[in-house]
Amino acid sequence: MNVYDSGQIARMLALSGYKTTPFMDRADVIFLNTCSIREKAEQKVYSFLGRLARLKRKNSDLIIAAGGCVAQQEGDKMLQRMPHLDLVVGTHAYHRLPWMIQKIESKKCRIVDVELAETIDESEPFINPAKAGENNGVTNFVTVMRGCDNYCAYCVVPYVRGREISRDPANIIQEVEMQVSNGMREVTLLGQNVNSFGKKEGKASFPELLAQLNEIKGLLRIRFTTSHPKDLSDDLINAFGKLDKLCHHIHLPVQSGSDRILGLMNRRYSRQQYLKKIKKLRRVCPQIAITTDIIVGFPGETSDDFKQTLDLIQEVSYDNLFAFKYSDRPQTRATELTDKLPEDAKAIRLQRVLEKQKKQTLLKNQALIGTTATVLVEGASKREKNTLSKIDCHRIQWSGRTSSNRIVHFLTDDGASLGKSIFPGALVSVKINEAYANSLFGRAISVTPDNV
Ligand code: 5AD
Ligand code: SF4
């Protein structure tokens, strides 16, 4: 979500005449987009901002700005703590950026704007597509909703992103169509809890939105993130069996395998209810890849609670997961719980989860050796990028993703003709012959003929 927001911020700054530069030392404005989901992310923000004081001393005209969730959370406090910071912009205030920047340029003042709005600004340039070349151009994010009303006990999002609001489906479709005409082939729809998309507004449900996006010509793949297990509806599950462009992957954060901890977390589902949804998903789409988020060391988590999380990881057999040590976040209910776990105990549990999953991911990837995967090409592998012009196209090592979101690097054997028909945005059949924990490696066999 922050990657998407950073694009919006860059477009707002472009309205004030600024262009992006890779050279921070020479920038006129440095804008830091921040994340406060965990304590560690927040600490990184302050240490990075601290290092910028040196640049401000060299150039007093330099404008240093912070946006995103830490800015929203800290507001004025951030200005006080960082004397060289000029601007603190909350998560709902980006459309006022050109005005703020102009004021700072002319009046040399410092500004804090952390007002949370009730509506989403859908005016230009918020629905403007990312310009070609801003990223690989083939895959892009589109926000469909913002905020969250769930108030999980550990989570800062409802406080820093505000109430849940969905965008107008017509605007989302227009944004995706514009991006497709700019070369995008895969869209990832973003929201804290996409399952409740449109519930308040009543215009279209999330499965209905997906069905409409599935009709867009030139769009090859649709992904979304994130779903809350309690709201994962049968209609959405069935969409995996019906919509040909919907990728075979769902990220379904479970957080813990213990009912007691799930209760304390205010997740509002039980282990059994979660497992039932996993079963349904696999019935509708047997090849679906399932990934999750785990928090270890939530206050009061006993070794038995933790064992239940390890058991659940085993039982579901995830394709991959993200795991985090619990950290207190401002305003959240979990901060008031007693029985906090020491850092080293959390670190040991984190390690155990990560090691367990690493083995599982590797086994799952190894099972794909010898199969053929359809890969949406995102570009040349990093290693080759700088030498692209010097080598023949059939020698290029390409990379992309499978529908199940696995990264695949591949070469074409010899056939220069096949090599020539591969390009970013092409769908290529790749025979998998090597498997690692984080990627697969193979050889191209053919290019799907109905590529756009
Ligand atoms: N401590 C640790 N992990 C957290 N997450 C959210 N809040 C916290 C916290 N206070 C994790 C959850 C969520 C992911 C985005 O970040 O697992 O799904
Ligand atoms: Fe945070 Fe829970 Fe909302 Fe996800 S659903 S953003 S974990 S409050």
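Both counts, for ligands and for their atoms, begin at 1 and track the order of listing.
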Peer 1: Which atoms of ligand 2 sit under 4.0 Å from any heavy atom of Cys148?
Peer 2: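 Counting atoms of ligand 2 from 1, those under 4.0 Å from Cys148 are 3 (Fe), 5 (S), 6 (S), 8 (S).
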Peer 1: Between Glu186 and Arg401, does the salt bridge (charged side-chain N to carboxylate O under 4.0 Å, His left out) criterion hold? Intermediate values first, please.
Peer 2: CA-CA 11 Å; Glu186 173 183 280; Arg401 279 168 202 266; 5.8 Å; no
Peer 1: When rounded to the nearest 0.5 angstrom, what is the spacing between CD in Gln314 and NZ in Lys356?
Peer 2: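 Rounded to the nearest 0.5 Å, the CD-NZ separation comes to 3.5 Å.
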Peer 1: Donor-acceptor check, side chain of Asp293 to backbone of Gln255, threshold 3.5 angstrom: yes or no?
Peer 2: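 Side chain of Asp293 to backbone of Gln255: no pair is present.
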Peer 1: So that I can tick it off, tell me whether Glu315 and Arg271 are bridged by a salt bridge, with the cut-off set at under 4.0 angstrom between side-chain N and carboxylate O.
Peer 2: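 Yes, charged N to carboxylate O under 4.0 Å.
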Peer 1: Going by an N to O cut-off under 4.0 Å, is there a salt bridge joining Glu201 and Arg167?
Peer 2: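 No, this pair does not count.
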Peer 1: Strictly below 4.0 Å, N to O, side chains only: are Lys346 and Glu343 in salt-bridge contact?
Peer 2: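 Result for this pair is yes, salt bridge flagged.
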Peer 1: What protein heavy atom sits nearest atom 4 (Fe) of ligand 2, and how far off is it?
Peer 2: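 Among all protein heavy atoms, the one nearest atom 4 (Fe) of ligand 2 is Gln192 O, 4.4 Å.
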Peer 1: N/O/S of Cys155 less than 2.8 Å from atom 1 (Fe) of ligand 2?
Peer 2: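 True for Cys155.
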Peer 1: Under 4.0 Å, heavy atoms only, figure out whether ligand 1 is touched by the backbone of Thr332, its side chain, both or neither.
Peer 2: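 No part of Thr332 comes within reach of ligand 1.
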Peer 1: Nearest protein heavy-atom contact for atom 5 (S) of ligand 2: which residue, which atom, what distance?
Peer 2: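 Ranked first by proximity to atom 5 (S) of ligand 2 is Asn150 ND2, 3.3 Å.
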Peer 1: What are the atoms of ligand 2, with element, lying closer than 4.0 Å to any heavy atom of Pro158?
Peer 2: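 In order of numbering, the contacting atoms are 8 (S).
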Peer 1: Going by the atom numbers of ligand 2, which of them fall below 4.0 Å from some non-hydrogen atom of Tyr151?
Peer 2: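 In order of number, 8 (S).
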Peer 1: May I ask you to identify, for Tyr154, whether its side chain, its backbone, both or neither come under 4.0 Å of ligand 1 on a heavy-atom basis?
Peer 2: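 It is both backbone and side chain that touch ligand 1.
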Peer 1: Atoms of ligand 1 less than 4.0 Å from Ile295 heavy atoms?
Peer 2: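 Reading through ligand 1 atom by atom, the close ones are 3 (N), 4 (C), 5 (N), 12 (C), 17 (O).
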Peer 1: Please classify the Tyr154 to ligand 2 contact at 4.0 Å (heavy-atom distances, strictly less than): side chain, backbone, both or neither.
Peer 2: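 Near ligand 2, Tyr154 shows its side chain, while the N, CA, C and O stay back.
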Peer 1: Hey, is Asp328 close enough to Arg38 for a salt bridge, meaning N to O under 4.0 Å?
Peer 2: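 Judged by the 4.0 Å cut-off on N to carboxylate O distance, Asp328 and Arg38 do not form a salt bridge.
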Peer 1: Return the residue, atom name and 0.1 Å-rounded distance of the protein heavy atom closest to atom 2 (C) of ligand 1.
Peer 2: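 The answer is Lys325 O, 3.3 Å.
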Peer 1: Check contact between Arg161 and ligand 2, using heavy atoms of the residue and a distance below 4.0 angstrom.
Peer 2: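 No heavy atom of Arg161 comes that close to ligand 2.
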Peer 1: Can you name the closest pair of heavy atoms from Thr225 and Val194 and give their distance?
Peer 2: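 Between these two residues, the closest heavy atoms are O-CG1, 3.8 Å.
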Peer 1: Where does Pro253 meet ligand 2, judged by heavy-atom distances below 4.0 Å: at the side chain, the backbone, both, or neither?
Peer 2: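 Under 4.0 Å from ligand 2, Pro253 contributes no heavy atoms.
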Peer 1: Has ligand 1 got any nitrogen or oxygen that is less than 3.5 angstrom from a nitrogen or oxygen of Gln255?
Peer 2: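 Yes, there is a polar N/O contact under 3.5 Å.
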Peer 1: Under a 4.0 Å N-O cut-off, is there an ion pair linking Asp86 with Arg110?
Peer 2: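 Salt bridge absent between Asp86 and Arg110.
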Peer 1: Quick check on side chain to side chain donor-acceptor pair (under 3.5 Å): which of Asn193, Asn195, Asn150 does Asp231 satisfy it with?
Peer 2: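 When Asn193, Asn195, Asn150 are each tested with Asp231, the side chain to side chain donor-acceptor pair (under 3.5 Å) holds only for Asn193.
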Peer 1: In the protein, which heavy atom is nearest to atom 18 (O) of ligand 1, and how far is it?
Peer 2: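 Checking every protein heavy atom, the shortest distance to atom 18 (O) of ligand 1 gives Asp293 OD2, 2.6 Å.
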Peer 1: Could you list the atoms of ligand 1 found under 4.0 angstrom from a heavy atom of Tyr326?
Peer 2: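 Those atoms are 1 (N), 2 (C).
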Peer 1: Are the side chains of Asp305 and Arg260 in touch, meaning some heavy atoms are under 4.5 Å apart?
Peer 2: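 Sidechains of Arg260 and Asp305: in contact.
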Peer 1: Quick test of your reading of the structure: of His228, Met1, Met265, Arg38, whose heavy atom lies closest to atom 11 (C) of ligand 1?
Peer 2: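 That would be Arg38.
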Peer 1: Identify, by atom number and element, the atoms of ligand 2 in contact range of Arg267, meaning under 4.0 Å from any of its heavy atoms.
Peer 2: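 Reading through ligand 2 atom by atom, the close ones are 2 (Fe), 7 (S).
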Peer 1: Locate the shortest heavy-atom distance separating Leu440 from Arg406; write the atom from each residue and the value.
Peer 2: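 For Leu440 versus Arg406, the nearest heavy atoms are CD1-CD, 3.9 Å.
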Peer 1: Under a 4.0 angstrom heavy-atom cut-off, which atoms of ligand 1 come close to Arg329?
Peer 2: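 Per the distance check, 10 (N).
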Peer 1: I'd like to know if atom 2 (Fe) of ligand 2 has an N/O/S atom from Cys152 within less than 2.8 Å of it, counting both backbone and side-chain atoms.
Peer 2: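 Yes, since at least one N, O or S atom of Cys152 sits under 2.8 Å from atom 2 (Fe) of ligand 2.
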Peer 1: Which of the numbered atoms in ligand 2 are under 4.0 angstrom from any heavy atom belonging to His228?
Peer 2: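 Matching atoms, with element in brackets: 5 (S).
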Peer 1: Is any side-chain heavy atom of Arg267 closer than 4.5 Å to one of Tyr154?
Peer 2: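 Contact flag for Tyr154/Arg267 side chains = yes.
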Peer 1: If you measure from atom 10 (N) of ligand 1 to every heavy atom of Ala153, Gly297, Ser327, Ala334, which option wins on shortest distance?
Peer 2: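 Closest candidate by heavy-atom distance is Ser327.
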